[in-house]
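Below: one structure, written as structure tokens.
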There are 2 protein chains.
Amino acid sequence: MTLTEEIISDLRDSGYRITPQRELIIRAIAESGRHMPVEDIYAAVQEQTSAVNLATIYRTLEMLWEEGLVHRNDLHEGKLAYAVAEHGPHLHLVCRRCKRVIDVDPDILAPLQAVLREREQFEADLEHLSLFGLCIECRD
Amino acid sequence: MTLTEEIISDLRDSGYRITPQRELIIRAIAESGRHMPVEDIYAAVQEQTSAVNLATIYRTLEMLWEEGLVHRNDLHEGKLAYAVAEHGPHLHLVCRRCKRVIDVDPDILAPLQAVLREREQFEADLEHLSLFGLCIECRD
DNA sequence: GTGATTGCAAATCCTTTGCAATCTG
DNA sequence: CAGATTGCAAAGGATTTGCAATCAC
């Protein structure tokens, strides 16, 4: 079963209806293998057919996120971006001065995730996280 | 020296000009002792005088953030919020399903911060962070 | 005086919503 | 068939920008 099929199956189990639009949207995210801003998802879907409205995309993504089937990242410039849960984890360090982005091995977050799970009983999504700060060159 | 004065002094040292508007904005954040959305900062400044424009507030806050004099948090609903650096640290765990917010002792982040500093030479702002996930009641 | 900063108003951009029409199960 | 979902167009809201006037140094 492909990733797209899995997500669709999950949705059906949860009582959602599967429309061609939803399928296209899910496929676009799943096959991209990356974190996509809404804008890109819309463009990807448009390539297949022009019959999907932006509002539908927003509504579908919100639903997928609430169901835990995609990750959402709204850190960058107030824009929303989504990726399928199985998309490889990422940790970005963003320098607030030079805007440089450093990619880090996300395993670094494992201890924190464990502590939150044990101590707060909270299952944190740390797979697509951006942290702000200053890189070495921008520190005085 | 008060917190407001310190920030102003830093700005002057960096070559920025100190206008009454900037002073009011800085004072509003510093004296609030909390994380404020732009909206609240605007309201607080308006209470003193109606002579400050929203655009000026946005421009000033962006500048303060780039200078590292305030923290910025744009996680919640795409809105920007700011707080002075000395405002006590916070860590919020936000349940993406029930929207509940759990407050956690931010010391929990100290090990992560240390690792980022040593291994990536990155000084991360982890003092006002919101992490998303599922709380115990929303996990199936 | 000079360049930085502000106010104003308009423009952008992202996202949400109401409602009638259309589909899915 | 009934209720969920979509498209459309309009509204909403946050943030940004151009430019002339003003102010800090």
Side-chain angles (χ1 to χ4, degrees), chain A residues 5 7-28 35-46 48-67 69-70 72-82 96 99, chain B residues 5 7-28 35-46 48-67 69-70 72-82 96 99:
Chain A
E5 287 165 349
I7 293 176
I8 288 176
S9 165
D10 278 354
L11 280 183
R12 224 187 287 269
D13 291 350
S14 301
Y16 290 97
R17 294 182 177 179
I18 306 307
T19 64
Q21 291 92 331
R22 288 185 173 170
E23 198 165 333
L24 282 165
I25 293 166
I26 293 164
R27 190 180 307 282
H35 228 251
M36 301 177 98
V38 174
E39 190 183 0
D40 289 7
I41 296 171
Y42 182 58
V45 171
Q46 291 294 106
Q48 305 297 313
T49 166
S50 60
V52 180
N53 193 274
L54 236 195
T56 301
I57 293 186
Y58 276 103
R59 284 186 285 230
T60 299
L61 292 171
E62 170 79 14
M63 173 207 70
L64 290 170
W65 182 68
E66 284 183 2
E67 287 303 306
L69 296 171
V70 298
R72 180 161 86 177
N73 173 336
D74 54 354
L75 258 183
H76 281 300
E77 304 152 21
K79 281 194 211 171
L80 302 173
Y82 295 82
R96 68 168 180 271
K99 322 293 185 198
Chain B
E5 287 165 350
I7 293 176
I8 288 176
S9 165
D10 278 355
L11 279 184
R12 222 187 286 270
D13 290 349
S14 301
Y16 291 97
R17 295 182 178 180
I18 306 307
T19 64
Q21 291 91 331
R22 287 184 174 172
E23 198 165 335
L24 281 165
I25 293 165
I26 293 164
R27 190 181 306 283
H35 227 248
M36 301 177 97
V38 173
E39 190 182 0
D40 290 7
I41 296 171
Y42 183 57
V45 170
Q46 289 295 103
Q48 305 296 315
T49 165
S50 61
V52 180
N53 193 273
L54 237 195
T56 300
I57 292 185
Y58 275 103
R59 283 187 284 231
T60 299
L61 291 171
E62 171 78 13
M63 173 206 72
L64 290 170
W65 182 67
E66 283 184 3
E67 287 303 306
L69 297 171
V70 298
R72 179 161 86 177
N73 173 338
D74 55 352
L75 259 182
H76 283 299
E77 304 153 19
K79 280 195 212 171
L80 301 173
Y82 295 82
R96 69 167 180 272
K99 322 293 184 200

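Keep in mind that this is a model prediction, so the values were computed, not measured. By convention in this document, chain letters (A, B, ...) are assigned in the order of the sequence lines, proteins followed by strands, and residues within each chain are numbered from 1.
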Under 4.5 Å between any side-chain heavy atoms of A:Ile41 and A:Tyr82, yes or no?
yes
Side-chain contact check for A:Leu54: nearest option of C:dT15, C:dT6, D:dT15 is C:dT15
With sequence neighbours left out, the residues meeting salt bridge (charged side-chain N to carboxylate O under 4.0 Å, His left out) with A:Arg22 are none
d(CD1, A:Ile25; P, D:dT5) in whole Å
12 Å
note: A:Tyr42, atom OH; C:dT15, atom C1'; distance rounded to Å ~ 14 Å
Quick one: are B:Ile26 and B:Leu11 in side-chain contact, heavy atoms under 4.5 Å?
yes
For the pair B:Ser9 (side chain) and B:Glu5 (backbone), establish whether a donor and an acceptor sit closer than 3.5 Å, ignoring hydrogens and angles.
no
Along DNA chain D (nearest heavy atom to each residue), the more 5'-positioned of B:Glu39 and A:Thr60
A:Thr60
Check whether any side-chain N or O of B:Asn53 sits under 4.0 Å from OP1 or OP2 of C:dC8, and answer yes or no.
yes
Which heavy atom of B:Gln46 sits nearest to which heavy atom of B:Val52, and what is that distance?
OE1-O, 3.3 Å
Residue list, side-chain hydrogen bond (donor to acceptor under 3.5 Å, both in side chains) with A:Asn53, at least two apart or on another chain:
none
B:Ile8 CD1 - C:dT5 C1' separation (whole Å)
15 Å
Considering the terminal five base pairs at each end of the helix from C:dG1-D:dC25 to C:dG25-D:dC1, what angle separates the two local helix axes, rounded to 10°?
50°
Quick one: B:Leu61 CG to C:dT6 P, roughly how many Å, whole number?
11 Å
Side chains of A:Met63 and A:Thr60: does their closest heavy-atom pair fall under 4.5 Å?
yes
Could you run down nucleotides 18-25 of chain D 5' to 3' and tag each one B, S or - for protein heavy-atom contact under 4.0 Å?
B-----BS
List for me each residue that meets salt bridge (charged side-chain N to carboxylate O under 4.0 Å, His left out) alongside B:Glu39, sequence neighbours excluded, and say none if there are none.
B:Lys79
Hits for salt bridge (charged side-chain N to carboxylate O under 4.0 Å, His left out) against A:Arg27, two or more places apart or cross-chain, chain-then-number order -> A:Glu23, A:Glu31
Tell me the interatomic distance from A:Glu62, atom CD, to C:dC14, atom C1', rounded to whole angstroms.
14 Å
C:dA4 P sits how many Å from B:Glu67 CD, rounded?
15 Å
Tell me whether the OP1 or OP2 atom of D:dG7 has a side-chain N or O from A:Gln21 closer than 4.0 Å.
yes
Take atom CD1 of A:Ile57 and atom C1' of D:dT5, then tell me their distance rounded to the nearest Å.
14 Å
What integer distance in Å separates B:Arg22:CZ from C:dG7:C1'?
14 Å
Among C:dT16, D:dG7, D:dA14, the one nearest any side-chain atom of A:Tyr58 is C:dT16
